[in-house]
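In what follows, chains are A, B, ... by sequence order, proteins preceding strands, each numbered from 1.
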Number of protein chains: 2
Amino acid sequence: MKLSNGVEWALHCCVTLSQASTLVPSQRLAELHDVPMTYLAKQLQALSRAGVVHSWQGQGGGYSLTRSAREISVLDVVVAIDGPGDFFRCTEIRQRGPLAVPEEKCTKMCSVARAMATAEAAWREVLAGITIADLAANIDVASSGTALKDVRTWLKA
Amino acid sequence: MKLSNGVEWALHCCVTLSQASTLVPSQRLAELHDVPMTYLAKQLQALSRAGVVHSWQGQGGGYSLTRSAREISVLDVVVAIDGPGDFFRCTEIRQRGPLAVPEEKCTKMCSVARAMATAEAAWREVLAGITIADLAANIDVASSGTALKDVRTWLKA
DNA sequence: GCCGAGGTACTCGGATACGATTTGTCCGAGTTAGAATGG
DNA sequence: CCATTCTAACTCGGACAAATCGTATCCGAGTACCTCGGC
């Protein structure tokens, strides 16, 4: 099991957008991160559909965050790219085979599914507690405060 | 992103094996859960390689747990089937493009990768805290104590 | 000089091929149980 | 009757196809800016 590469790109793009004072087209985002423009566009499309970013067409158009970077969690981005589905989907094995449990007896979730759901909830909780603003702040600390400034400068050029 | 179906099968098989007083061949496990025998064998193979179960060849052979059900965590099984790799693998985007950070400056993990790693650790921690014995106990409670007894009886028949 | 219409260039959006990973299947190697045979 | 050998059936293990999902790409729809012409 692995997460789509698009998640990483989307997160970096959101951090970049949080530093932009103007709209940023996908061409420019792709250039900055050195990734295939056409494929990145697909991810941005997903972000747009999920309401994380807003798109503006036409000359001078591009993408912008729909709300403050502090209001966008990492989970929002992950769900937008990877879909809302759970890692683990119970196929109700207990209802199959010679010892099948009748459906009316299955009032509670299967214990296996429950365990996986609990773990997944913990995962989601952590991601929901981290915002794009947090990511940006950490990046800045790691680079001694130059990284975000460089990005802002580059975006204006 | 989704977890392999084999994980669910493997977990149920481990619960079943925890109730067995003798070796259980893959044919019988497949019959009980109503899944393709040949494919289930593949998952059991993975469990065997990971040291979760022990296999015995020849007539009267089959599988058994290598240790007590209380000593086997759900995480052990998941890792055995799905592999030890992380969901998220950082491709070091920060080292690419016009604003690439030189490698010697990358002493700390990327903040994006760190966020994902934290979330994944939380997920693993939950799964590491749940054992096959716990799963069995919960199944039994949900079925008013009949499910495991039925399994034990069926295994002897 | 000002206003408006038109064209053009640039943007995003969905539909479309390719590749990799997961899923599913098969046959061969190894081992044990049992039967047959000789003592 | 017992020990030994042989056979045969049953088990797992790794190697082999098919399907699904993620990756990558292209071309069309839409919009804003700029230019050009008329007033």
Next item on the list: Mind calculating the distance between CG (B/Leu40) and C1' (D/dC12) to the nearest angstrom?
Entry: 12 Å
Notebook entry, point to check: Taking for each residue the nucleotide of DNA chain D bearing the nearest heavy atom, is the 5' side occupied by A/Met37 or by B/Ser48?
Noted result: B/Ser48
Next item on the list: Give B/Thr38 one of three labels, base, sugar-phosphate or nothing, depending on what nucleic acid heavy atoms sit under 4.0 Å from its own.
Entry: base
Could you list the donor-acceptor pairs under 3.5 angstrom formed between side-chain atoms of residues 107-128 of chain B and any protein atom two or more places apart in sequence or on another chain?
unit_1   : atom_1 : unit_2   : atom_2 : d
B/Ser111 : OG     : A/Leu135 : O      : 3.2
B/Arg114 : NH1    : B/Met109 : O      : 3.4
B/Thr118 : OG1    : B/Arg114 : O      : 2.8
B/Glu120 : OE1    : B/Phe87  : N      : 3.2
B/Glu120 : OE2    : B/Phe87  : N      : 3.0
B/Glu120 : OE2    : B/Arg124 : NH1    : 2.9

Next item on the list: For B/Leu23, check side chain to side chain contact (heavy atoms under 4.5 Å, CB included) against everything at least two apart and list the hits.
Entry: B/Trp56, B/Ser64
Next item on the list: Report the distance from atom NE2 of B/His54 to atom C1' of D/dG13, rounded to the nearest whole Å.
Entry: 13 Å
Next item on the list: With sequence neighbours left out, write down each residue that passes side chain to side chain contact (heavy atoms under 4.5 Å, CB included) with A/Gln95, or none if nothing qualifies.
Entry: A/Glu92, A/Glu103, A/Cys106
Check: Side-chain donor-acceptor pair under 3.5 Å between B/Ser73 and B/Asp76, yes or no?
Finding: yes
Checklist line | Nearest to side-chain heavy atoms of B/Tyr63, which nucleotide of D/dC12, C/dT25, C/dG14 | finding: D/dC12
Note to self: Any side-chain to backbone donor/acceptor pair from A/Ser48 onto A/Leu44? Under 3.5 Å, distance only.
What the structure shows: no
Check: More than 12 heavy atoms of other residues, nucleotides or ligands under 6.0 Å from CZ of B/Arg96: is that the case?
Finding: yes
Checklist line | Contacting residues from residues 25-35 of chain B, given that a heavy atom lies under 4.0 angstrom of DNA chain D | finding: B/Pro25, B/Ser26
Check nucleotides 31-34 of chain C for protein N or O atoms closer than 3.5 Å to its own N or O atoms and list the pairs.
unit_1 : atom_1 : unit_2  : atom_2 : d
C/dA33 : O4'    : B/Gln59 : OE1    : 3.4

Next item on the list: Rounded off to whole Å, could you give me the CH2-to-C1' distance for the B/Trp9 and C/dT23 pair?
Entry: 9 Å
Item checked: Phosphate contact (C/dG13 OP1 or OP2) by A/Arg49 side-chain N/O below 4.0 Å -> no
Margin query: Before you tell me yes or no, could you show the steps for A/Trp154 and A/Glu31 under side chain to side chain contact (heavy atoms under 4.5 Å, CB included), namely the whole-Å CA-CA distance, both residues' side-chain angles and the distance that decides it to 0.1 Å?
Written below: CA-CA 11 Å; A/Trp154 186 86; A/Glu31 186 185 348; 4.1 Å; yes
Next item on the list: Quick one: do B/Leu17 and B/Val53 satisfy side chain to side chain contact (heavy atoms under 4.5 Å, CB included)? Show the steps, please.
Entry: CA-CA 9 Å; B/Leu17 287 175; B/Val53 303; 4.0 Å; yes
Notebook entry, point to check: Which heavy atom in A/Ala10 sits nearest to a heavy atom in A/Leu47, and how many Å separate them?
Noted result: CB-CD1, 4.0 Å
Which protein N or O atoms sit under 3.5 Å from an N or O of nucleotides 15-23 of chain D?
unit_1 : atom_1 : unit_2  : atom_2 : d
D/dT23 : OP1    : A/Asn5  : N      : 3.3
D/dT23 : OP2    : A/Ser4  : OG     : 2.6
D/dT23 : OP2    : A/Tyr39 : OH     : 3.1
D/dT23 : O5'    : A/Tyr39 : OH     : 3.4

Checklist line | Polar side-chain atom of A/Thr131 near backbone of A/Glu71 as donor-acceptor pair, under 3.5 Å | finding: no
